[in-house]
Amino acid sequence: MTGNGSGTPDTIFAAATPFGRSAIGVLRLSGPACRAVCEKIAGKVPEPRRAAFRRLRDETGEVIDEALVLFFAGPNSETGEDCLELQAHGSPAVLQRLAALLGDFPGCRPAEPGEFAQRAFLNGKVDLTAVEGLADLVDAETEAQRRLAVRQMGGSLRDLYEGWRTRLVEILALAEAGIDFVDEGDVGGDIGHTIAPILEELRREIEAHLSDARRGERIRHGAVVTLAGSPNVGKSSLMNALARREVAIVTDVPGTTRDRLEVRLDLDGMAVTVIDTAGLRETADVVEREGVRRARLAIKEADLVLLLGAGGPPISTHDGEVETWRVESKVDLTGSLPGRRDDGTFGISVKTGDGVADLLDALAERFRHDVASSGDVLLTQARHRRHLSECVDALAAAVRIGYDGEPDLFAEELRRAARSLGRITGRVDVEEVLGAIFERLCIGK
């Protein structure tokens, strides 16, 4: 936390609403100068948590605006410091004038991205999982993303991970008691048999949390559906139909699409990125060949591939490791049956619209389980997955060593496991992740 040279933290300020013409424009402050700022520009400091009507004045006493002023005394505030909120009119001129006035006040400076949340973390108001949940809530595009972010912001992951860490610390305390007081009569002599089943149960719980088919991460980032197939099978036409707008150029010329195009959809609350790709074929054209390479990469990265064929269900053109649905794409020309078929393939015609709604319904159903899971405690971050995997590895090592084998090494693996869990919530070794987490937030958060 940056100081002002006297050992006192800076008072930071930022707009909590976007600059632009609006009914209300909010400026937030956090830090020790909040009371002095309020007295200088708004007069008497209001009672904590009570809104007061004030005229905001500049250094000459000229009225800048009329506003509601709220004061929150630390440590009972969002950041744990004194906080001030100025709810003025949303005029760009008003907010710019107030920001300039605050910037000239001793000890005040504009906030960095996420600095309000960072101060809340440093003052013990939130843990890192809650901050990540807040960032995800700000970025949420769909209902499932909103629900998942709200649960994480409310402490669902913190409670789960801290619960595991507490149990692990209790096991470690028991193991260390056996090491340090092995000759004492009141320390049980069968600690190894007591610890082993508890440790194994904990390891199974964490492994089950990890074995979630990445549902939480898929909700948070959105699923990826790649349209693939030979040239001129209707991939770009289907892309436009799904997007309900002209995203991709459609012509009868093979190789028109030479790069991947993406569109974001909301399928019943699930964010889905649909990727249109170049037609898969051998070609001497350097540019088109690069497009084919990118198409194959998009197939590998997908959660689901829609493999299109114009004269019947297409033959697979990739290794089959990714879930693939076969789609006959021009049933208006072939006279084939539209919709979902008994063999699991689909028939569609973008030109007539036949079968497209069935395909969309099937896609929504495919990801509906993920949407329903957004109310569960799901793993959402690659950072969490890495530290949980480290924890499981340490627990597995402890089980292999065994308390009765090498108790000191056994205890060290338990400490390593506990540290890994503590890194998720920010209890230990957080410096290397602070920037990456808080920079995701906007200036006023």
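Computed from a predicted model, the values in this text were never measured in an experiment. Residue indices begin at 1 and follow the sequence shown.
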(request) Identify the heavy atoms of Ala111 and Ile12 that sit nearest to each other, and give their distance. (result) CB-CB, 3.9 Å

(request) Could you grab the distance from atom CZ of Arg203 to atom CD of Glu200, nearest 0.5 Å is fine? (result) 4.0 Å

(message) For Val69 versus Pro46, what's the shortest heavy-atom pair and its separation?
(response) O-CG, 3.7 Å

(message) Using side chain to side chain donor-acceptor pair (under 3.5 Å), reason through Ser236 and Asp276 one step at a time and then give a plain yes or no.
(response) CA-CA 6 Å; Ser236 296; Asp276 183 22; 2.6 Å; yes

(request) List the steps, then state whether side chain to side chain contact (heavy atoms under 4.5 Å, CB included) holds for Leu86 with Val26. (result) CA-CA 6 Å; Leu86 307 176; Val26 179; over 6 Å; no

(request) Search all heavy atoms of Leu395 against all heavy atoms of Ala417 and return the closest pair with its distance. (result) CD2-CB, 3.9 Å

(message) Does atom CD (Glu62) have a neighbourhood of more than 12 heavy atoms from anything else shown, all under 6.0 Å?
(response) no

(request) Would you indicate whether the side-chain heavy atoms of Phe367 and Arg215 approach each other to under 4.5 Å? (result) no

(request) Go through the steps to decide whether Leu56 and Glu66 satisfy the test side chain to side chain contact (heavy atoms under 4.5 Å, CB included), and finish with yes or no. (result) CA-CA 6 Å; Leu56 307 181; Glu66 295 177 339; over 6 Å; no

(message) Donor-acceptor pair, distance only, cut-off 3.5 Å: does the side chain of Arg109 make one with the backbone of Gly103?
(response) no

(message) Measuring only between side-chain heavy atoms, which start at C-beta, is Ser389 closer than 4.5 Å to Leu210?
(response) yes

(message) Between Glu143 and Gln145, is there a side-chain donor-acceptor contact under 3.5 Å, judged purely by atom types and distance?
(response) no

(message) To the nearest 0.5 Å, what is the distance between CD1 on Ile64 and CG on Asp58?
(response) 5.0 Å

(message) Any non-hydrogen side-chain atom of Leu137 less than 4.5 Å from a side-chain atom of Val150?
(response) yes

(request) Inspect the contact between Glu290 and Arg294 and indicate whether a charged nitrogen and a carboxylate oxygen are less than 4.0 angstrom apart. (result) yes

(message) Walk me through whether Leu227 and Ile275 qualify under side chain to side chain contact (heavy atoms under 4.5 Å, CB included).
(response) CA-CA 6 Å; Leu227 309 181; Ile275 301 177; over 6 Å; no

(request) Check the side chains of Glu132 and Thr380 for a donor-acceptor pair under 3.5 angstrom, ignoring hydrogens and angles. (result) no

(request) Return each pair, listed once, that meets side-chain hydrogen bond (donor to acceptor under 3.5 Å, both in side chains) where at least one residue sits in residues 264-274; pairs must be two or more places apart or across chains. (result) Glu141-Arg264, Arg264-Thr273, Asp268-Arg368

(message) Would you say that Leu122 contacts Gln118 through its side chain, given a criterion of any heavy-atom pair below 4.5 Å between the two side chains?
(response) yes

(request) Please name all residues satisfying salt bridge (Lys or Arg N to Asp or Glu O under 4.0 Å) with Glu301, sequence neighbours left out, ordered by chain then number. (result) Arg260

(request) Report yes or no: is the cationic atom of Arg28 (NZ for Lys, CZ for Arg) under 6.0 Å from the centre of the six-membered ring of Phe116, at an angle within 45° of the ring normal? (result) yes

(request) Kindly compute the distance separating CD1 (Ile24) from CG (Leu68), expressed to the nearest 0.5 Å. (result) 7.5 Å

(request) Please check if atom NZ in Lys40 has more than 12 non-hydrogen atoms from other residues, nucleotides or ligands closer than 6.0 Å. (result) no

(message) Can you confirm whether Ile348 sits close enough to Val327 that some side-chain heavy atom of one is under 4.5 Å from a side-chain heavy atom of the other?
(response) yes

(message) Taking Lys125's backbone N and O only, do any of them form a donor-acceptor pair with Asn123's side chain (distance below 3.5 Å, no angle check)?
(response) no

(request) Check the pair Glu115 / Arg119 against salt bridge (Lys or Arg N to Asp or Glu O under 4.0 Å), numbers first and verdict last. (result) CA-CA 6 Å; Glu115 192 169 3; Arg119 291 196 176 193; 3.7 Å; yes

(request) Please tell me if the side chains of Thr79 and Phe121 come closer than 4.5 Å, counting only heavy atoms from C-beta onward. (result) no

(request) Begin with the C-alpha distance, continue with both residues' side-chain angles, and end with the deciding distance and a verdict on salt bridge (Lys or Arg N to Asp or Glu O under 4.0 Å) for Glu207 and Arg204. (result) CA-CA 5 Å; Glu207 285 182 336; Arg204 283 198 300 266; over 6 Å; no

(message) Could you measure the distance from the CG atom of Leu202 to the CD1 atom of Ile171? Nearest 0.5 Å is fine.
(response) 5.5 Å

(request) In sequence, state the C-alpha distance, the side-chain angles, and the governing distance for Glu39 and Arg54, and then conclude on salt bridge (Lys or Arg N to Asp or Glu O under 4.0 Å). (result) CA-CA 11 Å; Glu39 291 170 350; Arg54 294 285 190 271; over 6 Å; no

(message) Is any side-chain heavy atom of Leu388 closer than 4.5 Å to one of Ser420?
(response) no

(message) Please give me the minimum heavy-atom distance between Gly426 and Leu128, naming the atom from each residue.
(response) CA-CD1, 3.6 Å

(request) Return yes if some donor-acceptor pair links the side-chain N/O of Ser77 with the main-chain N/O of Ala73 below 3.5 Å, else return no. (result) no

(message) Testing the basics here: between Leu421 and Cys391, what is the closest heavy-atom pair and its distance to 0.1 Å?
(response) CG-SG, 3.8 Å

(message) Check this for me: does any side-chain nitrogen of one of Glu217 and Arg214 sit under 4.0 Å from a carboxylate oxygen of the other?
(response) yes

(message) Can a donor-acceptor pair be found, under 3.5 Å and without considering hydrogens, that links the side chain of Thr142 to the backbone of Gly269?
(response) yes

(request) Would you give the length of the straight line joining atom CZ of Arg97 to atom CG of Leu95, rounded to the nearest 0.5 angstrom? (result) 12.5 Å

(message) Quick check against the 3.5 Å criterion: does Asp82 have a side-chain atom that pairs as donor or acceptor with the backbone of Gly74?
(response) yes

(message) More than 12 heavy atoms of other residues, nucleotides or ligands under 6.0 Å from NE2 of His89: yes or no?
(response) no

(request) Kindly indicate, with the supporting measurements, whether the criterion salt bridge (Lys or Arg N to Asp or Glu O under 4.0 Å) is fulfilled by Arg419 and Glu390. (result) CA-CA 9 Å; Arg419 283 196 298 271; Glu390 292 169 354; over 6 Å; no

(request) Measure the shortest side-chain to side-chain distance between Trp164 and Glu205 over non-hydrogen atoms and say whether it is less than 4.5 angstrom. (result) yes

(message) Return the CD1 to CZ distance between Ile198 and Arg167, rounded to the nearest 0.5 Å.
(response) 9.0 Å

(message) For a quick test of reading the model, state the closest non-hydrogen atom pair linking Ala175 to Leu414 and the distance between them.
(response) CB-CD1, 4.5 Å

(message) Looking at Ser22 and Pro18, would you say the former's side chain and the latter's main chain have a donor-acceptor pair under 3.5 Å?
(response) no

(message) Could you walk me through whether Leu265 and Val274 satisfy the side chain to side chain contact (heavy atoms under 4.5 Å, CB included) test, starting with their C-alpha distance in whole Å, then the side-chain angles of each, then the deciding distance to 0.1 Å, before giving a yes or no?
(response) CA-CA 7 Å; Leu265 304 180; Val274 180; 3.6 Å; yes

(message) Side chains of Thr425 and Thr129 only: does a donor on one sit below 3.5 Å from an acceptor on the other?
(response) no

(request) Tell me whether the guanidinium CZ or amine NZ of Arg340 lies under 6.0 angstrom from the six-membered ring centre of Trp325 and within 45° of its axis. (result) yes

